[in-house]
Each structure stands twice: as structure tokens, then as C-alpha cells.
Amino acid sequence: MRNKILNVLSVIVALLFLNAGLNKIFQYIPVPEGLPEAVVRHDAAIAEIKWLLPLVAVVEIVGGVLLVLRKMRALGAIVLLPIMVGVLVFHITVYPEGLLMAGLMAIVLGWIMIENKGKYLQLID
């Protein structure tokens with residue numbers, strides 16, 4: 001039962017990352033009106049670095065695909081870890097309204113990593 005729950009949560013988190021990555025490329029979700037000034041400044045600063053958003057988009061898409069594939073899930077979690085840290089820091093410091101969702105996604109990624117700790121330990125053995 002535990003594995004089934006983790007599988008479902010992994011697919012949900014994978015879809016969220018896939019959607020975020022694809023939206024960075026195709027911009028199909030409109031930016032909401034009335035965002036706080038700090039968020040607007042943050043987004044403008046990131047947009048100044050022309051290569052950053054495409055890189056983040058590719059990492060989110062690749063990581064999302066890897067999370068869906070059970071044999072590659074541990075790799076997907078490691079690939080998405082720096083993105084997840086960035087998302088958490090953004091929501092802690094700039095836009096706390098999204099912290100609950102970001103925290104839940106981080107918990108699922110952490111669970112994936114704990115379940116696959118044997119694969120990670122081989123890297124440092």
C-alpha cells in the first residue's frame with residue numbers, strides 16, 4: 001500500500017514539474033493580476049538572465065519524466081532537488097502564499113529520496 005501511495009504522489013509531483021517546465025517554454029498559463037511587487041521584481045530579475053528560465057524548464061521537464069519512470073525515480077528526485085530548494089526559498093522569502101504546495105512537493109521528493117537511499121549510498125561508497 002505504501003508503494004502505491006508513493007507511486008501516485010510521484011506521478012502528481014511529476015505532472016506539476018512537467019506543467020511548470022512546459023509553461024516556462026510555451027507560456028500557456030497567464031500571469032495573475034495583482035501579484036506583489038516583490039514577486040514582479042523577482043521575476044524580472046530572473047528574466048534578465050536569458051539562459052536561466054530555459055535551463056530550469058528543461059530540468060523540470062526531464063526531472064518530471066524521470067519521476068514517472070519507476071526505475072529512474074531516484075535520479076529524477078536528485079535532478080529536481082536544486083529546483084525544489086529554489087522553489088522553497090522563493091516561497092519562504094518572497095511569496096509565502098505558495099509555501100504549502102511547495103512544502104508538500106518537497107516532502108514527496110524527500111520520501112522518494114529516503115526510499116531510494118541505497119542507490120544514493122552507492123555513489124559515496
Side-chain angles (χ1 to χ4, degrees):
M1 184 65 168
R2 188 170 137 184
N3 283 339
K4 289 180 183 181
I5 293 170
L6 183 58
N7 287 339
V8 169
L9 292 175
S10 297
V11 170
I12 291 170
V13 169
L15 291 173
L16 290 169
F17 275 112
L18 282 168
N19 182 53
L22 291 171
N23 186 54
K24 283 177 183 64
I25 294 171
F26 299 114
Q27 300 174 351
Y28 53 85
I29 300 174
V31 178
E33 295 291 326
L35 287 174
E37 182 63 30
V39 174
V40 174
R41 284 194 320 267
H42 179 272
D43 288 350
I46 288 178
E48 287 293 316
I49 306 170
K50 300 295 182 202
W51 54 266
L52 186 56
L53 279 180
L55 174 64
V56 171
V58 168
V59 171
E60 287 176 336
I61 292 167
V62 168
V65 169
L66 291 173
L67 279 185
V68 172
L69 307 171
R70 289 180 74 177
K71 290 190 182 257
M72 303 299 284
R73 192 168 288 157
L75 179 59
I78 288 292
V79 166
L80 290 170
L81 180 63
I83 302 295
M84 193 72 250
V85 169
V87 169
L88 284 171
V89 170
F90 170 77
H91 285 294
I92 290 169
T93 60
V94 178
Y95 194 60
E97 286 81 358
L99 188 56
L100 177 63
M101 180 60 83
L104 292 173
M105 291 173 67
I107 288 169
V108 172
L109 279 181
W111 186 8
I112 293 168
M113 293 175 77
I114 289 168
E115 290 294 318
N116 290 286
K117 68 182 174 211
K119 294 178 181 178
Y120 303 131
L121 291 175
Q122 291 176 1
L123 297 173
I124 57 173
D125 189 23

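Worth saying up front: this structure is predicted, and the values here are computed from it rather than measured.
With contacts defined as side-chain heavy-atom distances shorter than 4.5 Å, the pair L16/M101 qualifies. Side chains of W111 and V13 form no contact here, defined as non-hydrogen atoms less than 4.5 Å apart. Residues P54 and K24 fail the side-chain proximity criterion, which asks for heavy atoms closer than 4.5 Å.
Distance check, rounded to the nearest 0.5 Å: CD1 of I78 to NZ of K119 gives 11.5 Å. Here the CG-CG distance, from L75 to L66, works out to 5.0 Å after rounding to the nearest 0.5 Å. From L53, atom CG reaches atom CD of Q27 across 8.5 Å, with rounding to the nearest 0.5 Å. Taking CZ from R41 and CG from L35, the interatomic distance works out to 12.5 Å, rounded to the nearest 0.5 Å. In this structure, CZ in F17 is found 12.5 Å from CD1 in I61, a value given to the nearest 0.5 Å. Atom CD1 in I12 sits 10.5 Å away from atom CG in L104 (nearest 0.5 Å).
Under a hydrophobic clustering in which Ile, Leu, Val, Met, Phe, Trp and Tyr are joined whenever their side-chain heavy atoms come within less than 4.5 Å, directly or via other members, L52 and V94 fall into different clusters. A continuous path of ILVMFWY side-chain contacts below 4.5 Å connects F90 to V40, so both sit in one hydrophobic cluster. Each of V68 and I83 belongs to its own hydrophobic cluster when Ile, Leu, Val, Met, Phe, Trp and Tyr are linked at side-chain heavy-atom distances under 4.5 angstrom. Residues V58 and L15 share a single hydrophobic cluster, defined by chaining ILVMFWY side chains whose heavy atoms lie under 4.5 Å apart. Hydrophobic cluster membership differs between L109 and L81, with clusters built from Ile, Leu, Val, Met, Phe, Trp and Tyr side chains linked at under 4.5 angstrom.
Formation of a donor-acceptor pair under 3.5 Å by the Y120 side chain with backbone atoms of A74 is found in this model. Although no hydrogens or angles enter the test, the distance criterion places a donor-acceptor pair under 3.5 Å between the side chain of N7 and the main chain of N3. Checking side-chain atoms of N116 against main-chain N and O of I112 turns up a donor-acceptor pair under 3.5 Å.
Closest non-hydrogen pair, G64 versus A14, comes out as O-CB, 3.2 Å. Closest approach of L80 and V59 over heavy atoms only: CD2-O, 3.8 Å. L67 and A77 make their closest contact through CD2-N, 3.8 Å (heavy atoms, listed as atom of the first residue, atom of the second, distance). When all heavy atoms of V108 and S10 are compared, the pair lying nearest together is CG1-N, 4.3 Å.
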Decide side-chain contact (heavy atoms from CB on, under 4.5 Å) for I46 and H42; before the verdict, give the C-alpha distance in whole Å, the side-chain angles of both, and the deciding distance to 0.1 Å.
CA-CA 6 Å; I46 288 178; H42 179 272; 3.0 Å; yes
Show your reasoning for whether side-chain contact (heavy atoms from CB on, under 4.5 Å) applies to E115 and L6.
CA-CA 9 Å; E115 290 294 318; L6 183 58; 3.6 Å; yes
Going through the checks in order, is the side-chain contact (heavy atoms from CB on, under 4.5 Å) test met by I92 and L99?
CA-CA 7 Å; I92 290 169; L99 188 56; 3.7 Å; yes
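H91 pairs in a side chain to side chain contact (heavy atoms under 4.5 Å, CB included) with only one of the listed residues (V89, L88, V87), which is V87.
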